There are 2 protein chains.
Amino acid sequence: MDTIRKPPTMADVARRTGVSPMTVSRAFKRDSSVSQETREAVLRAAEELGYVFDSTASNLRSQRTDFIAVTIPSINNANFADTVRALSDGVSERGLQILLGYTNYDVAEEERLIEQLLRRKPEAIVVTGGKHTPRARKLLSNAGIPVIETWDLPEEPIGHVVGFSNALAVREMVDHFVSVGYRKIAFIGGDADRDTRGTDRRAGFIAALVHHGLDTSRLIAAGPPPISMREGADAMRQLLERFPDTEAVICVSDLSAFGALTECQRRGIAVPDRIAIAGFGDYEIGAICVPSLTTINAFASEIGAKTAELILDVLNGKLDQPGRVTIRPDLILRQTSR
Amino acid sequence: MDTIRKPPTMADVARRTGVSPMTVSRAFKRDSSVSQETREAVLRAAEELGYVFDSTASNLRSQRTDFIAVTIPSINNANFADTVRALSDGVSERGLQILLGYTNYDVAEEERLIEQLLRRKPEAIVVTGGKHTPRARKLLSNAGIPVIETWDLPEEPIGHVVGFSNALAVREMVDHFVSVGYRKIAFIGGDADRDTRGTDRRAGFIAALVHHGLDTSRLIAAGPPPISMREGADAMRQLLERFPDTEAVICVSDLSAFGALTECQRRGIAVPDRIAIAGFGDYEIGAICVPSLTTINAFASEIGAKTAELILDVLNGKLDQPGRVTIRPDLILRQTSR
DNA sequence: ACTTGGATTGATATCGATAACATGGATGCA
DNA sequence: TGCATCCATGTTATCGATATCAATCCAAGT
């Protein structure tokens with residue numbers, strides 16, 4: 001009797017309960033009109049049969065998947081993870097599920113990923129950043145679903161935006177550093193053509209220095225992203241060799257800033273007395289390391305939460321204009337700077 | 001002329017190309033038999049029409065979704081992120097996509113999540129850990145797809161396993177600590193009933209101490225998971241108050257170990273001279289912090305890679321027995337211990 | 001010339017839930 | 001009592017790609 005029997009369908013559940021398949025379908029929905037006892041009978045029969053709702057059929061017929069597609073540069077980044085978690089929590093109460101993909105900081109890869117994700121017919125798509133290939137832009141524009149660009153303030157948004165100006169945020173940090181007396185200020189970041197947010201931050205750094213009439217040559221490129229702790233340490237080593245009189249350094253993220261800090265510790269260089277360090281992103285490590293890290297809070301979770309709100313509003317028809325949520329990053333001054 | 005026209009289907013592409021829908025379908029597959037020129041014509045027409053392949057229909061008819069469902073406790077954990085990334089990379093070459101959900105270290109939440117994921121009809125499901133609710137076990141057993149439990153060695157596996165013994169790994173660390181002369185050894189971890197891997201690690205810790213005839217009372221519970229840096233620092237504070245003569249402490253993860261280390265630094269307690277510290281998981285931070293962290297490498301990426309291999313083998317019919325891949329964690333001895 | 005076989009393409013039915021419309025019975029109100 | 005409503009449920013057709021079977025054509029082998 002080891003016949004491979006096909007898994008039960010709604011029709012099977014309907015037969016067992018003595019109702020129509022349509023009633024079974026309704027019983028599995030939240031707010032549809034089925035009597036309490038019918039619903040319980042249906043669910044009991046389903047449980048007894050081991051029935052598992054088949055959303056592939058539901059998706060096709062109802063033209064809804066309850067997916068929210070999301071692209072992030074890296075799955076290993078705590079900032080983006082925070083955003084995704086808040087986004088996921090925000091939309092899950094409406095039964096929406098995150099379909100996540102990572103681009104590895106590569107716009108060509110992003111294009112492929114976006115195409116893949118759109119085939120799954122998500123209800124909306126959230127992308128990290130505002131720089132895309134022309135084809136990716138076209139795919140997003142024509143997708144017929146809400147598009148939300150995050151972690152950036154694109155000049156020509158495709159649809160909605162929940163983000164902040166990376167350049168401006170760093171600029172404010174430079175302004176602060178200058179105001180407390182630092183003059184020889186360096187920047188540690190990745191290659192120009194990969195990490196677009198990192199590039200924006202560097203642009204803000206340079207613009208600020210120019211504005212203050214300071215030397216803009218202290219730029220250390222730490223290679224292709226992700227720029228993490230190891231790269232930060234390596235970059236600090238380079239910085240100390242090439243510009244030993246540097247007074248302060250701003251890093252593209254807290255991770256690289258922490259790496260830079262450890263390099264100073266290994267070399268017995270006093271932070272912040274000999275050199276000040278600032279990071280970006282307010283990662284957990286920055287608050288707890290010794291000395292604690294001056295940084296910029298970009299409100300990663302809030303980006304996710306606001307994006308979720310925006311998506312729900314759009315899907316509820318409460319918003320027909322492109323939404324624009326601007327986050328205002330905060331300077332967090334701690335022990336690695338005066 | 002602002003009529004809302006429905007998005008084009010394969011039938012539209014077929015009409016435009018002058019072939020049958022079936023041929024269009026074939027043109028969109030990798031290895032199906034279509035002539036080169038037909039395929040190009042089809043793809044050109046599709047591009048001109050802005051056609052986007054609709055996988056909801058494909059999923060239903062072909063009974064394949066190309067999803068691999070994955071549950072992890074937290075999306076913000078670098079270890080699990082490493083596993084997921086390696087898994088994703090491993091299966092993506094076969095066109096398989098990860099459908100990710102997180103359980104927040106809660107088996108009831110895991111049950112809900114597993115049910116949600118199974119409705120999407122994945123080709124296989126990967127779960128983190130070997131402890132589940134009875135209903136979750138039943139759902140997984142009856143799903144009719146490969147089930148892979150990871151990051152653990154369950155006594156009664158549901159299907160396949162790619163993992164290691166958390167207890168044994170910590171036991172080896174204790175053995176090492178005893179061999180170099182530590183006697184008063186403490187453990188910092190989470191609450192017993194949430195983080196099952198953390199609980200296993202603590203069990204291994206206690207078993208090892210018992211084996212060596214040492215005091216097992218130095219246990220600090222840092223609250224519900226995730227146990228991160230802040231919790232590690234708080235726990236170290238408690239430990240120093242309650243057991244000031246402790247010689248060494250093993251933490252449930254590198255993050256809590258780093259937090260504990262920073263607490264020592266803030267208090268001017270010498271590590272490792274006054275107290276030794278060990279972590280778990282070989283996170284990036286452990287290799288780069290000063291002093292660097294003694295830890296256990298659980299090979300998170302390898303778990304993902306092996307899981308991917310196993311899934312591909314099963315889906316290719318190359319494996320009909322339940323697979324059992326045992327990872328052997330490595331002790332990594334660094335500066336926070338002698 | 002005839003068979004065989006591979007390559008390419010087409011016709012038809014189908015995957016399983018549900019949108020849209022229809023129906024019967026109960027309830028409310030004048 | 002009569003008519004409008006609402007609630008619970010049923011009927012039918014359908015979402016869009018593709019599994020399956022069938023047909024055509026051309027080259028190769030005998």
Side-chain angles (χ1 to χ4, degrees), chain A residues 4-43 45-46 49-67 95 116 118-123 144, chain B residues 4-43 45-46 49-67 95 116 118-123 144:
Chain A
I4 301 169
R5 53 183 168 190
K6 287 199 300 183
T9 70
M10 273 193 179
D12 298 316
V13 178
R15 229 180 331 268
R16 186 178 180 103
T17 320
V19 296
S20 74
M22 195 62 234
T23 299
V24 177
S25 173
R26 292 192 178 103
F28 270 89
K29 298 276 161 265
R30 284 274 163 81
D31 50 352
S32 50
S33 61
V34 211
S35 71
Q36 185 63 21
E37 57 180 348
T38 304
R39 167 170 281 133
E40 281 166 10
V42 167
L43 295 181
L49 284 173
Y51 169 73
V52 176
F53 183 93
D54 186 338
S55 56
T56 66
S58 172
N59 291 342
L60 174 59
R61 172 64 233 211
S62 68
Q63 300 287 58
R64 294 176 35 102
T65 59
D66 291 338
F67 274 138
Q116 285 293 320
L118 289 179
R119 290 176 162 213
R120 304 273 186 188
K121 305 292 172 186
E123 314 294 335
Chain B
I4 301 170
R5 53 182 168 189
K6 286 200 301 183
T9 69
M10 274 193 180
D12 298 314
V13 178
R15 228 179 332 269
R16 186 180 179 103
T17 319
V19 297
S20 74
M22 196 61 235
T23 299
V24 176
S25 172
R26 292 193 178 103
F28 271 88
K29 298 276 160 264
R30 284 276 161 81
D31 50 353
S32 50
S33 60
V34 210
S35 72
Q36 186 63 22
E37 57 180 349
T38 305
R39 167 170 280 132
E40 281 167 10
V42 167
L43 295 180
L49 284 173
Y51 168 73
V52 176
F53 183 92
D54 186 337
S55 57
T56 65
S58 173
N59 290 343
L60 175 59
R61 174 62 233 209
S62 68
Q63 300 286 62
R64 295 177 33 105
T65 59
D66 290 339
F67 274 137
Q116 285 292 320
L118 289 179
R119 289 175 162 212
R120 304 274 187 188
K121 304 291 171 186
E123 314 295 335

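By convention in this document, chain letters (A, B, ...) are assigned in the order of the sequence lines, proteins followed by strands, and residues within each chain are numbered from 1. From a predicted model like this one, the values you see are computed outputs, not experimental measurements.
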Notebook entry, point to check: Without hydrogens or angle criteria, can the side chains of Ser55(B) and Ser58(B) be said to hold a donor-acceptor pair below 3.5 Å?
Noted result: no

Here the distance between atom P of dA17(C) and atom CZ of Arg61(B), to the nearest Å, is 15 Å

Worksheet item: Do Val13(A) and Arg16(A) come close enough that some side-chain heavy atom pair is under 4.5 Å?
Response: no

| query | Is the backbone of Phe67(B) close enough, under 3.5 Å, to the side chain of Thr65(B) for a donor and an acceptor to pair up by distance? | reply | yes

Open item on the list: Does Ser58(A) reach a base, just sugar-phosphate, or nothing at all? Heavy atoms under 4.0 Å.
Closed with: sugar-phosphate

note: Lys29(A), atom NZ; dA17(C), atom P; distance rounded to Å ~ 10 Å

Test side-chain contact (heavy atoms from CB on, under 4.5 Å) on Arg120(B) and Asn59(A); report intermediate values, then the result.
CA-CA 10 Å; Arg120(B) 304 274 187 188; Asn59(A) 291 342; 3.9 Å; yes

Separation of dC21(C) atom P from Arg26(A) atom CZ, nearest Å, is 14 Å

query = Are Thr9(B) and Asp54(B) close enough that some pair of their side-chain heavy atoms sits under 4.5 Å apart?
reply = no

First and last nt of DNA chain D near chain B, cut-off under 4.0 Å to heavy atoms, 5' to 3', are dG16(D) to dT20(D)

**Prompt:** Just checking Ser55(A): base, sugar-phosphate only, or nothing, at a heavy-atom cut-off of under 4.0 Å?
**Reply:** nothing

inquiry  = If the cut-off is 4.0 Å, is Thr23(B) near the phosphate of dG10(C), judged by side-chain N/O to OP1 or OP2?
reply    = yes

Hits for side-chain contact (heavy atoms from CB on, under 4.5 Å) against Pro21(B), two or more places apart or cross-chain, chain-then-number order -> Ala14(B)

| 4.5 Å side-chain heavy-atom contact, Phe28(B) and Leu43(B) | yes

Would you classify Lys121(B) as touching base, sugar-phosphate or nothing, given that sugar-phosphate means primed atoms plus P, OP1 and OP2, and contacts are heavy atoms under 4.0 Å?
nothing

Contact check, residues 10-22 of chain A vs DNA chain C, heavy-atom distance under 4.0 Å, returns Met10(A), Met22(A)

- prompt: For Phe53(A), which contact category applies under a 4.0 Å heavy-atom criterion: base, sugar-phosphate, or nothing?
  reply: sugar-phosphate

When Gln36(B) and Leu60(B) are each assigned the nearest nucleotide of DNA chain C, the 5'-most assignment goes to Gln36(B)

Please check: side-chain N/O of Arg39(A) versus main-chain N/O of Lys29(A), any donor-acceptor pairing under 3.5 Å? yes

Here the gap from Ser35(A) atom OG to Glu37(A) atom CD, rounded to the nearest 0.5 Å, amounts to 5.0 Å

